[in-house]
Visitor: 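Structure provided below as structure tokens; questions to follow.
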Amino acid sequence: MFGNFRVNASGMEAQRIRLDTIASNLANVNTTRGENGGPYKKRDVIFEASSSPSAADGGLISVRVKGVIKDSRPFKVVYSPGHPDADKDGNLKLPNINPIEEMVNMLSAIRAYESNIQAFKSSKDMMTKALEIGR
């Protein structure tokens, strides 16, 4: 009976993690020293379909985050001889983050989150109407 709520909740949770990852990427768009001493690497969220263990849910498929991976694209290189992280030739490696791509991904995550909210509200309204029929 509440399987659709679980599906929508899983979608909202997955999109929230995606949005957190995008925020992290945007916050580190100019970070030249990461955890391993090199520039920050862009991260992406991998989603996975997840079946409901309950037969009462009627085989609903929810979503879960399989993992957060680092993007393997090469770093941007700019000539900046005065920067403390530049190499001996004056080249500076910057994170492999495209802010425009991140903004598009952010809008997509927000729209998906809003869609799950709307589906949640519709399910709630349908259940409320069903209860009113029984009165």
Visitor: Any side-chain donor-acceptor pair under 3.5 Å between T32 and Y40?
Guide: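 Side-chain D/A pair, T32 to Y40: absent.
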
Visitor: Measure the spacing between CD1 of I46 and CD1 of I17 and express it to the nearest 0.5 Å.
Guide: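 Rounded to the nearest 0.5 Å, the CD1-CD1 separation comes out at 13.0 Å.
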
Visitor: Rounded to the nearest 0.5 Å, how far does CD1 of I22 lie from CG of N105?
Guide: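 Here the rounded value is 5.0 Å.
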
Visitor: Testing the basics here: between N28 and T31, what is the closest heavy-atom pair and its distance to 0.1 Å?
Guide: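 Scanning both residues completely, I find the closest heavy atoms to be OD1-OG1, 2.9 Å.
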
Visitor: CD of E101 to CG of L26: how many Å apart, nearest 0.5 Å?
Guide: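 So the CD of E101 and the CG of L26 are separated by 10.5 Å.
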
Visitor: Taking a hydrophobic cluster as the set of Ile, Leu, Val, Met, Phe, Trp and Tyr residues connected by side-chain heavy atoms closer than 4.5 Å, whether directly or through intermediates, do M103 and V29 fall within one such cluster?
Guide: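 Shared cluster, no.
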
Visitor: Does atom NZ of K76 have more than 12 heavy-atom neighbours, drawn from other residues, nucleotides or ligands, at distances under 6.0 Å?
Guide: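 More than 12 heavy atoms, drawn from other residues, nucleotides or ligands, come within 6.0 Å of this atom.
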
Visitor: Closer than 3.5 angstrom, by distance alone: can the side chain of S62 be matched with the main-chain N or O of S50 as a donor-acceptor pair?
Guide: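 At least one qualifying donor-acceptor pair exists.
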
Visitor: For the CG atom of D44 and the NZ atom of K41, what is their distance to the nearest 0.5 Å?
Guide: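 Here the rounded value is 12.5 Å.
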
Visitor: Side-chain heavy atoms under 4.5 angstrom apart, residues restricted to Ile, Leu, Val, Met, Phe, Trp, Tyr: same cluster for V68 and F47?
Guide: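 Per the 4.5 Å side-chain linkage, V68 and F47 are co-clustered.
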
Visitor: Whether K70 and E35 form a salt bridge (side-chain N of Lys/Arg under 4.0 Å from carboxylate O of Asp/Glu) is what I want to check.
Guide: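 Yes, charged N to carboxylate O under 4.0 Å.
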
Visitor: Would a single hydrophobic cluster contain both M12 and I110, if residues Ile, Leu, Val, Met, Phe, Trp and Tyr are joined by side-chain heavy-atom contacts under 4.5 Å?
Guide: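 No; M12 is not reachable from I110 via cluster members.
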
Visitor: For R43 and N25, run side chain to side chain contact (heavy atoms under 4.5 Å, CB included): C-alpha distance rounded to whole Å, both residues' side-chain angles, the deciding distance at 0.1 Å, then the answer.
Guide: CA-CA 7 Å; R43 283 148 172 88; N25 288 339; 3.9 Å; yes

Visitor: Could you tell me whether R16 and D20 have a side-chain N and a carboxylate O separated by less than 4.0 Å?
Guide: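 Judged by the 4.0 Å cut-off on N to carboxylate O distance, R16 and D20 do form a salt bridge.
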
Visitor: Quick check: do L60 and R6 have side-chain heavy atoms less than 4.5 Å from each other?
Guide: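 When only atoms from C-beta onward are counted, R6 and L60 do not touch, as no gap falls below 4.5 Å.
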
Visitor: Would the distance check show the side chain of S108 and the main-chain N or O of V104 forming a donor-acceptor pair, the cut-off being under 3.5 Å?
Guide: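 Checking the backbone N and O of V104 against the side chain of S108, no donor-acceptor pair under 3.5 Å is found.
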
Visitor: Determine whether Y113 and E13 make a side-chain contact, defined as any pair of heavy atoms from C-beta on separated by less than 4.5 Å.
Guide: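 The answer is no, as the side chains (C-beta and beyond) never meet within the 4.5 Å cut-off.
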
Visitor: Check whether any side-chain heavy atom of E132 lies under 4.5 Å from a side-chain heavy atom of K129, and answer yes or no.
Guide: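 Yes, at least one pair of side-chain atoms sits under 4.5 Å.
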
Visitor: Is the shortest side-chain heavy-atom distance between M127 and N4 below 4.5 Å?
Guide: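 SC-SC contact between M127 and N4 confirmed.
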
Visitor: Check the hydrophobic clustering (I, L, V, M, F, W, Y; side-chain heavy atoms under 4.5 Å; chains of links allowed) and say if V63 and V45 are grouped together.
Guide: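 Same hydrophobic cluster.
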
Visitor: For Q15 and A109, work out which heavy atoms get closest and say how close.
Guide: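 Looks like OE1-CA, 3.3 Å.
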
Visitor: Pairs of donor and acceptor atoms involving the side chains of residues 89-97, under 3.5 Å and at least two apart or interchain, shall be tabulated with distances.
Guide:
{"residue": "N96", "atom": "OD1", "partner": "K42", "partner atom": "N", "Å": "2.9"}
{"residue": "N96", "atom": "ND2", "partner": "D71", "partner atom": "O", "Å": "3.4"}
{"residue": "N96", "atom": "ND2", "partner": "R73", "partner atom": "O", "Å": "2.9"}

